Every structure is written in C-alpha cells, then in structure tokens.
Amino acid sequence: MHQIYSAISHFIDKREVESLNRQLISAKPINAREIEIDEKRYVNFSSNDYLGLRYHPKLIEAAKSCIDEYGTGSGASRLVTGNFDLYAKAEQKIAAWKNREAALIFASGYQCNTSVLASLFDKNFLGEEPLIFSDKLIHASMHQGCKLAGIKQIRFNHNDITHLSTLLEKYKDDKRPKFILTESVFSMDGDIAPLDGLYALRDLHDAFLIVDEAHAAGVFGDNGNGLAHKADLIIGTCGKALGCFGAYVACDQKIKDFLINHCGGLIYSTALPPSAIAAIEAAVDLMPSLDSERKHVITLAQNFRQQLDEVGYHTGQSQSQIVPMIIGDADKTVQFSDSLKDGSFWAGAIRPPTVPQGTSRIRFAFSAAHTESDVANLIQHIITNKESIAA
Ligand SMILES: Cc1ncc(COP(=O)(O)O)c(C=O)c1O
C-alpha cells in the first residue's frame, strides 16, 4: 500500500483523538434564515450571508436572465476568450462602490488571496524578498499566499499596534519593500482592526497596506463599502454579504494591470460564470438601499453580545455581526454546539487549527434575515443549557 494511506490514517486518528476531525454534512437551504439537515429545520447562525441577499429577487433575476443569454459557463480564462463585456461593467461598479480607481474579479476569496499575495510578494519580480508584517489572526488564504511566495512572515500580535510598531522599528533601516497584512473585521473573532494606527505606521515606514474586507464589505461603511478606505489594496469576497460567489481586489489601475500580467489565479483559471457576475453586479447595485438591513444585523449582534456577557460568557472583542462564544475546550464546544442543535439552532463549533489552541468557540454569525425573536430564543436556550458547558 502506498505510504500516503498510512500517513492519512495517522492524521485522521490523531484528529479523532483530539475531537478535531471534520466531516462534510449534507445541508439543504430553506431560505436565508433557515437550513434543513437530516430532515430537521434549524435557524442558521453559521452563514456569512449577512444581509440575507442570497434569495433576493433582483439577484436571482439577474443571474437567471444572464444564463439565458450567456449559458452556464464562461468557457475560458479571461485572457483567452472568457472576458465578456459584463466583467468590465461589474468591475467598474465595484471600483466606484469602493472609491478606487480599479477592481479585478477573482474566482473566490481564497483563490484571490493566495494568488494575489503570491504575485505581489514574488521576489523575482520585486528583485528581493519583501518584509511581510502580518496580524497573527489573518485568514488561512493569506498565509497560503505568503507560503506560495516563499515568504516567512513577521507576525504581530493580534490588533496590537504597539507590537507592530516595535517590529517595524527593528527593520527601519532595511530597504526591502515592506507590506502590512490584516483583515478589517476578523472572521473568527468579529473584532475590528485599528485601522487609523495601521495607516499611521504604514505612512511612517513607507509600507504597503493590504486589508481583507471579507467580513466588513456590505455590512460596514457608507453604502456598505467597508472600513479600510485608506488601505493600498483591498481584498473582498462576494460570497458573504453580497450573497453571491467570487471575489475582487480594489486597487489602483497600475496594480490591476500588473495582476492581469502576473497573477496566476487570474491568468490560468476559467473566468467566473457570467451568471455569477450578473448577481455580483445586482448585489453592488443594491448596496445603497440596505441601510436598515445593516442596522438590523448590527443591533441583533449587539443585543446578543450584551446578553451573553450578562450571563458570564466571553465574546472576546467582537464589535460586528460575528460573535464568538468562547468556550476554550474543543470537546465542550462540540457538546454545546450539539445542544444548540437540539434547540433547532445551527451554529458551528470552531476548533484548532482554525483558531488558536484553547480558544474553541461557537461562532455566531448574524444576518439581516434573523428576527429579534430568533435571537431571544437563542439566548434563552443558551441560558437554559448553561450547565452543560460548565460540567
Ligand atoms: C477573511 C477571509 N478572507 C477570505 C476568505 C475566503 O473567501 P471565499 O469564501 O470567497 O473563498 C474568507 C472565508 O471565510 C475569509 O474569512
């Protein structure tokens, strides 16, 4: 038998022992609020469809009519024959929404981070290895991008401007190109990066600031255009608050031109299906009209945080629609997630390696599709089942 099989058995057995083995579950969406699993309905607190747009009639109509005209696929990379007129239109809209000169669409946030960062940090093109200062909690896809570029990151403590400043100071006479990497709203903690401090350090050290706005776009900012307005390059996904699929960089034209020539994820990958682009465009068009949805989702999360704090649960530094209920122990976290299921609430247990050891948590993601009574029922269930975590 090939060695891969014994290596896999060893890997999976270890995961089982540590209660960290993951499995795909089969889920059937009912609407933006509910999901059906094993013939049981749950209120879904695990979706990143923060504005509940997945079932919006305008998005559905845009995607459907696009399929009639363009078919189901693009047939080629954008550099071959897959660059239909609707790409440029959607990119112009994204750039205008984000107040940037240009935008470039990618297949997914993961693919965008891995390939864009690998491209920008390429030492062959830069002439030397760049210095990458990254927040310790950046998303796995950003790590992958650094790894692909063969870069060893210089990691600063999460959201710790003083630590970043010390590290930048240490390298102040080093002339290699400096980059700072962070997220604006962090995916597993729901806290917000100290952006003003980051801009100041970027300016002081002549660095280039890249911010992943995956969880901020749509929810924060004017017309939902995010938080990191002064970053040098913004990465965003269309699979979360935009309710679609795909991702984008928002940047200046020069960087867009460079990526078209140098970024493998764009050059060597089939363009997104036209229907996905049409849905993205429809979602961006809707953004200015969604202030009440933004307010609703943020208020639900605020109320939830406050009530969890009152009953003694830690929600970290969350300031957004993402609220972690930090339990610590992986087994207990899974048990509590199971108890939530008994109450017909679906909220995932998040365990290492996704989050640091000892910080296993239930990640609640709120959506404009949730109601106040969904949250009241959830709180009541948590209070009633409190003992099962403490045990
Ligand atoms: C911060 C961050 N960046 C990127 C991604 C990947 O985006 P996508 O789901 O579009 O691949 C995620 C997804 O969870 C994320 O949380």
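Being a predicted model, the structure only gives us computed values, none of them experimental. Every number for a ligand or one of its atoms is a count from 1 in the order of the listing.
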Asker: One thing to verify: whether Lys178 and Asp206 come together as a salt bridge, which I'm taking to mean a side-chain N less than 4.0 angstrom from a carboxylate O.
Answerer: no
Asker: Taking 4.0 angstrom as the limit, do Glu129 and Arg176 come out as a salt bridge?
Answerer: no
Asker: Does a salt bridge link Asp257 with Lys254, judged by any charged N lying under 4.0 Å from a carboxylate O?
Answerer: no
Asker: Does the distance from a Lys or Arg side-chain N to an Asp or Glu carboxylate O, for Asp189 and Arg361, drop under 4.0 Å?
Answerer: yes
Asker: With a 3.5 Å cut-off and no angle check, do the side chains of Arg305 and Thr315 form a donor-acceptor pair?
Answerer: no
Asker: Does a side-chain N-to-carboxylate-O contact under 4.0 Å join Lys40 and Glu34?
Answerer: no
Asker: Measuring from each atom of ligand 1, which residues have a heavy atom under 4.0 Å away?
Answerer: Ser108, Gly109, Tyr110, Asn113, His139, Ser141, Glu183, Ser187, Asp212, Ala214, His215, Thr237, Lys240
